[in-house]
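We number each residue from 1, following the sequence as shown. For the numbers below, each heavy atom of this structure counts, side chains included, while hydrogens, waters and symmetry mates do not.
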Amino acid sequence: MKKNGEYTQWAAEVTLESKIIGTNEAYLGYTDINAENNFPFKKDFSIKFDIEIYKMKKSGEIQEIINRFVE
């Protein structure tokens, strides 16, 4: 279709998006059930984890990882 000129660049972008047939998501859950006794490191870990994710998003590192898997 591209060689024949049967679609526009916009249509090509839509077609590319339609090729994504599934995604995987991951979640990191935190519990508050007796957390101070069972997980004394929880608060420190969650703060450090969130800061690292924020830095990775801001630097573009997360987008680079995403791009490697969707291209």
Practice task
May I have the step-by-step check of side chain to side chain contact (heavy atoms under 4.5 Å, CB included) for Y30 and F39, ending in yes or no?
Solution key: CA-CA 10 Å; Y30 304 105; F39 310 105; over 6 Å; no
Handout entry: Over 12 non-hydrogen atoms of neighbours within 6.0 angstrom of OH in Y54
Key = no
Fill in the blank from the handout: For I62 and I53 the tightest heavy-atom approach is CD1-O, 3.9 Å
Problem - Main-chain N/O of T31 paired to K42 side chain as donor or acceptor, under 3.5 Å - result: yes
Practice task
Starting at CZ of F49, measure out to CZ of F45 and round the result to the nearest 0.5 Å.
Solution key: 6.0 Å
Practice task
Taking atom CD1 of I33 as the centre, report whether more than 12 heavy atoms of other residues, nucleotides or ligands fall under 6.0 Å from it.
Solution key: no
